[in-house]
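Okay, structure first, notes after.
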Amino acid sequence: MFRYALRRGLSRCWRDLTRAPVACERLVRQPRSPGPLRAQAQARFGTVNRGSLLSNDTIYALSSGSGRAGIAVIRISGPGCLDVYKALCPGKAPPKPRYAGVRTLFEPGTAGGSGETILDSDALVLYFPAPRTVTGEDVLELHVHGGHATVKAVLSALRRCSSSTQIRYAEPGEFTKRAFLNARLDLAQVESLGDTLAAETEHQRRAAVQGNSGVLGKTYDGWREQLLLARGEMEALIDFSEDQHFEESPTELLVNVERQVEDMLQSIRLHKLGSQRSELLRNGIRIALLGPPNVGKSSLMNQIVGREASIVSDEAGTTRDIVEASLDIRGYLCSFADTAGIRTNAAEPSRDPNGGETRASVIGAVEEEGIRRARQKAGESDVIIVLASVEAVADAGIGYRIRYDSETLQLAAGAQQCLIAINKCDIVPPEILSQLLRDFQATVLTPIPNLRDIEPLAISCKAAAEFGKPDGGGIHELTERLAQSFGNITSLPEDMQHLLGVTERQSQLLSECERHLKDFMAEARGSGLAGDEPDIVLAAEHLRLAALRLAAITGRGEAGDVEEVLGVIFEKFCVGK
């Protein structure tokens with residue numbers, strides 16, 4: 001008992017020194033706290049000091065695209081919105097909130113005089129009073145004619161409007177930043193909004209929409225609430241166990257919290273999986289073309305991307321460096337990499353187009369570096385396309401064989417997804433081609449565990465390049481299989497679609513939260529020494545650190561680095577958003 005009391009005393013000292021900032025938070029969680037103190041703590045608990053980050057300026061910007069258009073939308077946000085309206089539309093009552101009104105916009109201070117200057121005679125004006133607006137502030141929108149001169153004249157006039165607050169041009173992302181600071185959005189929604197603006201493909205758009213729903217923020221807030229409630233019970237037990245009777249012992253309480261934490265850890269693993277898949281959609285799926293020299297990798301690359309990205313020649317080994325190209329395939333952003341042909345000095349002699357043997361070429365320093373880069377690119381890729389080719393064997397009568405490289409097959413076996421294509425199939429009769437493919441699958445692919453179920457696809461880049469080939473020489477089917485493989489590595493069940501909104505930043509914070517929760521589990525289960533009891537104070541500290549990481553995801557709670565986080569997130573936003 002003496003040893004336990006001593007440990008408790010030391011643990012309390014450590015807690016008081018390191019965790020004084022959570023005193024107010026405990027007052028919120030303890031039902032016995034006095035009313036006034038509880039109210040003071042609750043006013044602070046669960047919020048960032050947003051007031052210090054908010055500006056009282058009235059900001060404006062062009063929110064629609066630049067350049068000539070039918071309509072241009074200029075957005076104004078801040079306490080001086082009605083001052084701006086009165087300066088541009090003197091003598092006219094503001095339109096009813098959330099109803100559009102047609103107004104003539106005047107140069108400030110010129111209406112009704114001899115030098116009256118009209119900026120736009122038929123502008124559409126909308127007024128949105130706070131707090132139910134996109135930024136949480138008063139918002140005024142001017143829908144003016146989209147000519148460059150008109151837009152420039154209206155924007156120039158805005159800064160000359162008289163107001164009790166400063167009127168200035170908005171900084172990049174400042175409208176969205178104000179929405180966050182006024183609790184209209186959480187950081188998870190802000191990041192998804194940025195992804196929505198940056199989306200170039202259909203699947204990027206879908207992933208961004210899932211993240212913008214607010215489900216993720218509510219989930220993280222729910223987890224944080226669970227941790228804070230559990231921590232409140234643990235700290236109440238620490239502080240008042242000598243004075244009051246508790247139904248649960250420390251061990252029973254930790255066992256109950258363990259169950260909640262175990263469920264939370266499982267959910268965090270699923271969220272991290274969603275992040276991995278959403279990153280493929282955001283950053284693009286990396287695809288490497290591998291195979292021996294002169295099997296048609298560059299030709300296939302050009303056929304898929306629809307342009308001459310790689311040099312094509314009958315001479316083997318013309319590709320030495322990595323040639324990359326990006327494109328949209330069935331709504332997926334893809335990055336293709338054409339690589340150097342992989343071979344060794346011990347490889348079989350090269351042959352001329354008529355099938356005759358020429359010489360066993362030696363790998364030079366440049367080609368060796370190209371092969372090294374090809375291997376490296378294969379290790380970095382999400383999908384590998386292995387290319388082999390049909391060739392005639394003159395010394396076997398009119399025989400044919402499939403030329404391939406064993407190392408490329410082994411590299412492909414380690415990729416998330418793999419396709420195998422046999423090129424130059426136009427040179428062999430269909431019945432012989434079928435037998436070649438069956439033999440290749442049975443003798444070459446079946447012994448390799450991850451490749452035994454892959455059906456090789458017959459293609460012809462030469463036929464695809466010719467006019468009037470409806471099947472595209474098998475390139476269309478290859479593209480369909482590619483899209484199917486993309487779905488295999490990015491899709492999630494219907495009830496987990498919202499996890500596609502998890503960003504890399506959120507995933508990193510979830511990993512930190514996971515680490516603290518595992519530390520809690522280790523402490524709750526005891527230090528492993530005989531007769532040693534769990535330290536409930538340290539266990540509560542691990543829960544506090546985990547809750548702080550969750551708070552950093554949404555920007556709520558005691559996330560002390562909010563200003564730094566905001567700078568990172570909003571620097572990618574465009575002006576006017």
Side-chain angles (χ1 to χ4, degrees), residues 50-66 69 71-112 116-147 149-185 189-190 193 197 566 570 573-577:
R50 297 168 188 256
S52 63
L53 301 177
L54 274 169
S55 168
N56 199 42
D57 297 346
T58 298
I59 59 173
Y60 67 90
L62 176 67
S63 288
S64 54
S66 59
I71 296 174
V73 179
I74 298 172
R75 177 178 288 170
I76 304 110
S77 178
C81 281
L82 289 180
D83 294 334
V84 171
Y85 174 82
K86 292 173 184 177
L88 296 178
C89 309
K92 284 283 189 177
K96 184 180 177 181
R98 294 178 174 79
Y99 282 79
V102 178
R103 297 289 188 272
T104 297
L105 304 184
F106 294 92
E107 176 72 27
T110 67
E116 181 178 83
T117 302
I118 296 177
L119 301 174
D120 194 346
S121 59
D122 293 301
L124 203 63
V125 179
L126 295 99
Y127 171 61
F128 305 91
R132 294 174 54 203
T133 67
V134 66
T135 62
E137 306 172 324
D138 286 350
V139 171
L140 184 70
E141 284 190 0
L142 307 177
H143 296 220
V144 301
H145 290 91
T150 302
V151 173
K152 183 178 179 181
V154 175
L155 289 174
S156 178
L158 288 176
R159 65 173 175 265
R160 293 193 292 273
C161 295
S162 299
S163 175
S164 57
T165 64
Q166 181 184 356
I167 300 175
R168 61 174 175 82
Y169 203 75
E171 298 174 358
E174 191 168 4
F175 289 97
T176 307
K177 183 177 181 179
R178 292 191 176 198
F180 165 73
L181 295 175
N182 287 310
R184 299 295 293 173
L185 299 172
Q189 289 174 297
V190 169
L193 180 58
L197 297 175
L566 292 183
F570 289 111
F573 274 68
C574 60
V575 174
K577 190 61 185 174

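This chain uses plain numbering: 1 for the first residue, then up along the sequence. Please read these numbers as outputs of a predicted model, since none were measured by experiment.
Here the closest non-hydrogen pair linking P95 and G101 is CB-N, 4.2 Å. The minimum heavy-atom distance between L62 and V73, with the atom names listed, is CD1-O, 3.4 Å. Listed here is the closest heavy atom pair of S163 and G80: OG-CA, 3.7 Å. For the residue pair Y169 and A61, the shortest heavy atom distance occurs at CE1-CA, 3.7 Å. Of all heavy-atom pairs spanning S121 and T104, the tightest one is O-OG1, 3.1 Å. In this structure, P129 and P97 approach most closely via the heavy-atom pair CD-CB, 3.6 Å.
Within a 6.0 Å radius of CZ in R98, other residues, nucleotides and ligands contribute more than 12 heavy atoms. Within 6.0 Å of the CD1 atom in I71, the count of heavy atoms belonging to other residues, nucleotides or ligands does not exceed 12.
We find the CG-CG distance between L142 and L105 to be 6.0 Å, quoted to the nearest 0.5 Å. One distance of note links CG of L197 with OG1 of T176; it measures 7.5 Å at 0.5 Å rounding. Between atom CG of residue N56 and atom CD of residue E137 there is a gap of 8.5 Å, rounded to the nearest 0.5 Å. Of the inter-residue distances, the one linking T135 atom OG1 with I76 atom CD1 reads 11.5 Å to the nearest 0.5 angstrom.
Looking at D138, its side chain never comes within 3.5 Å of a backbone N or O of P79 through a donor-acceptor pair. Side-chain atoms of R184 come within 3.5 Å of backbone N or O of T133 as a donor-acceptor pair. Under the 3.5 Å distance criterion, the side-chain polar atoms of T110 are matched with a main-chain donor or acceptor of T117. A donor-acceptor pair under 3.5 Å is formed between the side chain of D120 and the backbone N or O of H145.
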Derivation of the side-chain contact (heavy atoms from CB on, under 4.5 Å) call for I167 and Y60: CA-CA 8 Å; I167 300 175; Y60 67 90; 3.8 Å; yes
side-chain contact (heavy atoms from CB on, under 4.5 Å) for Y127 and L82? Distances and angles first, verdict last. CA-CA 8 Å; Y127 171 61; L82 289 180; 3.8 Å; yes
F106 and L119: CA distance, side-chain angles, deciding distance, side-chain contact (heavy atoms from CB on, under 4.5 Å) verdict: CA-CA 5 Å; F106 294 92; L119 301 174; 5.9 Å; no
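The salt bridge (charged side-chain N to carboxylate O under 4.0 Å, His left out) search around R168 returns D57, E174, not counting sequence neighbours.
Considering I74, D122, L126, V125 in turn, L126 is the only one that fulfils the side chain to side chain contact (heavy atoms under 4.5 Å, CB included) rule with H143.
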Pair up each side-chain donor or acceptor in residues 85-94 with any protein partner under 3.5 Å, not counting sequence neighbours, and list the distances.
| unit_1 | atom_1 | unit_2 | atom_2 | d |
| --- | --- | --- | --- | --- |
| Y85 | OH | K92 | O | 3.3 |
| Y85 | OH | A93 | O | 2.7 |
| Y85 | OH | R103 | NE | 2.8 |

